[in-house]
Amino acid sequence: MRISKLLGKTLREIPADADTVSHRLLVRAGLVNQLAAGVYSYLPLAWRVLKKIEDIVREEMDKAGGQEVSLPVLQPLEMWQSSGRHQALGKVLFTLYDRRERPLALGPTHEEVITQLVSRNVQSYRDLPLLPYQIQTKFRDEPRPRGGLVRAREFIMKDAYSFDIDEAGMDASYDGMVRAYQAIYDRCGLPTMLVEADSGAIGGKDSREFMLVTDSGEDEIIYCPDCKYAANAEKAASIKEKVDDSRPGPLEEVATPGMATIEEVAGFLKIPHNHTLKAVFYVADGHLVFVVIRGDLAVNEIKLNNLLRAADLRLATEAEVVAAGIVAGAASPVGLKGFKVIADDSVTSGANFVAGGNKPDMHLRNVNYSRDFAADTVADIALARAGDRCPRCGGRLASTRGIEVGHVFKLLTRYSEKFNASFIDEKGDSRPIVMGCYGLGISRLLSAVVEHHHDDKGIIWPVSVAPYQVYLCPLYREGSNVPEVAEKLYQELRAAGLEVLFDDREESPGVKFNDADLLGIPFRVTVSPRTLQKDSVELKKRSEKESELVPLTDIIGKIQAMVP
RNA sequence: CGGGGCGUAGCGCAGAUGGUUUAGCGCGCAGCGUUUGGGACGCUGAGGUCGGAGGUUCAAAUCCUCUCGCCCCGACCA
């Protein structure tokens, strides 16, 4: 490709509304163009990278037993209503109406469609297992698109679904996908971390995410440096060490004038935060929920909602709390009736807590779970934090950030039962198919690669996904034979099967070198009067600082040897 | 959805107390010439519904109302 004909220009100035490194570089190098919030055009260079990523994904999926399909983007809304996910997804689902006013959705994912399709094509255990997958544009009306391609509203995703006769089969399919994903990231030059995750609106168990560790990632990862434990902060657990196991003392009131927060109460009474109990109020689908947790911990709302299964969960407003007859700042479940109470299991990891007295300016000492109050549910609903004890080995947890580049789930029979996807087993009994699902963000991977492979001059593409392999950079000067030699070399490199971006512009060397660095093509070949004096060209790898002079007769073979 | 910010040339920005503004500057773009190993220089030139609609006024990029869009923080989110 001749740069003079390429659609897409490099920008000297940094776009004002790009915040992450990868987004800035993709815009500045002329790879993507924003059309609306979370909606982007891919220019030729980006499209070539996406196709290379797709090819890698296809190869690894096929190797793992997958078969490619293409499912409709346009789906009857009815399908989402019957699976119950219309509610769960809410406004994330893009909906529209056809000419007969029938509601349709733009596919955000395809569990419903694929399950329905497979149910019509599978009758016997002999038809299983199956592993269909597709690479397709998906639509999700995110509340807040951000980070360029990282969280877009229209994005390219590979989604795969496994169908097995039993859980053992599903586990094997799942393990195969994990291996395939690892191979994919490996080939794209991305080190990833496999972490435990919440399964969100998709549901299922053993949900795990592949994370590219980077400071600009939007997810927090809690991991243990001593063992293999790693989890998304949404899911992460930690050991809540017992802070006091003395015998329960007598319940007594203590005046706490003007003290409302844990900070104030603990400071006033000169006790550590973990000797207090904190009340937090939520509204779940319109109902007030009373949450109790040890004073030093914070509520993990995802864990909380996994218990409540509410379509809408939010913190209660102060007015709502007061209207319910609760004394804000001095609330506790002791002696209160008529509320749904959820307690974090930390309330049992200690004794003789200080908790609210349910009277203004009054707290209680020596509050003990079960003797003084009860909860409808006691479970782990706390946020795990760096510095906490690892739930596996007891080591100290650490935290980092990451971009989620893949997510695998075990769905079991949730969808197959809803859509009647069953088969007849060896004994002649009808059983639901056991499913798994596996998502991998293709367009997100494009950003992730740039996020991981760049320097202050620009992108540094790994050869495997680079839009072109060679950047042919002639430095023209009047009276030299550089143009002829460069033109001939361009033809020869291509004839040798190499992908070449030919900088045929009449620009100064500085402009060309800077653009070459920005675009990040792996091998730069410079042809100039200076190199031709020695019948050579200069070869420079984008990933290295030094360049070398290579005889014209050797250059093609030399590059071929470095390109897979 | 709550809080904040911003829409002026392809990109980055100035102009905002209404009137010497015929709306500028830098980059980029076009033509000519000089340059050519790390974002060269000179001259000439093209390019604008000042996001949109309505209003106030002798006069609006500038003031008022409404509206659309974009960005950031939070809520939310595979």
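Worth saying up front: this structure is predicted, and the values here are computed from it rather than measured. By convention in this document, chain letters (A, B, ...) are assigned in the order of the sequence lines, proteins followed by strands, and residues within each chain are numbered from 1.
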Would you indicate which nucleotide in [options] comes nearest to any side-chain atom of [X]?
X      : options             : answer
A/L475 : B/A78, B/G37, B/C1  : B/G37
A/R444 : B/C29, B/G37, B/A78 : B/A78
A/E13  : B/C11, B/U36, B/C77 : B/C11
A/R144 : B/G37, B/A78, B/C73 : B/C73
A/F409 : B/A78, B/C70, B/G37 : B/A78

Side-chain donor/acceptor contact of A/R151 with base of B/C77 under 3.5 Å: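 By the distance-only test, yes, there is a pair.
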Salt bridge or not for [X] and [Y], using N-O below 4.0 Å?
X      : Y      : answer
A/D455 : A/R542 : yes
A/R58  : A/E54  : yes
A/K303 : A/D380 : yes
A/E60  : A/R187 : yes
A/D503 : A/R2   : no
A/R85  : A/E111 : yes

How would you label the contact of [X] with the nucleic acid (heavy atoms, under 4.0 Å): base, sugar-phosphate, or nothing?
X      : answer
A/T531 : base
A/E478 : nothing
A/R314 : nothing
A/E538 : base
A/E234 : nothing
A/A197 : nothing

Closest-nucleotide 5' rank along RNA chain B - winner of A/N305 and A/G38: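 First, find each residue's nearest nucleotide; the 5'-ward one identifies A/G38.
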For A/E142 and A/V527, find the nucleotide of RNA chain B closest to each by heavy atoms; which residue's nucleotide sits nearer the 5' end?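 It is A/V527 whose nearest nucleotide is closer to the 5' end.
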If you measure from the [atom1] atom in [N] to the same atom in [M], how many Å do you get, rounded?
N     : M     : atom1 : answer
B/A30 : B/C71 : P     : 30 Å
B/A14 : B/C25 : C1'   : 7 Å
B/G5  : B/U49 : C1'   : 25 Å
B/U8  : B/G4  : P     : 22 Å
B/G18 : B/G2  : P     : 32 Å
B/A46 : B/C29 : C1'   : 8 Å
B/U17 : B/G28 : P     : 33 Å
B/G55 : B/A60 : P     : 12 Å

Between atom [atom1] in [X] and atom [atom2] in [N], what is the gap in whole Å?
X      : N     : atom1 : atom2 : answer
A/I403 : B/A78 : CD1   : P     : 17 Å
A/E154 : B/A78 : CD    : C1'   : 16 Å
A/L89  : B/C76 : CG    : C1'   : 13 Å
A/E220 : B/C77 : CD    : C1'   : 16 Å
A/K9   : B/G12 : NZ    : P     : 17 Å
A/R477 : B/U34 : CZ    : P     : 16 Å
A/Q87  : B/C76 : CD    : P     : 17 Å

Does A/F155 lie flat on the base of B/A78, that is, centres under 5.5 Å apart and planes under 30° off?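 A stacking contact exists, since A/F155 sits close and nearly parallel to the base ring of B/A78.
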What's the verdict on ring-ring contact (aromatic ring centres under 6.0 Å, His included) for A/F523 and A/Y471, showing C-alpha distance, side-chain angles and the deciding distance? CA-CA 6 Å; A/F523 302 106; A/Y471 192 91; over 10 Å; no
How does protein reach along nucleotides 38-43 of chain B, written 5' to 3' as B (base within reach of a heavy atom under 4.0 Å), S (only sugar-phosphate), or - (no contact)? BBS---
For B/U34, the Watson-Crick or wobble partner whose two distances fall under 3.5 Å: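 Result: B/A40.
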If you apply the rule side chain to side chain donor-acceptor pair (under 3.5 Å), what do you find for A/D159 with A/Q134, and how did you get there? CA-CA 6 Å; A/D159 48 321; A/Q134 62 169 346; 3.1 Å; yes
A/Y161 ring center near A/Y438 ring center (under 6.0 Å):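 No.
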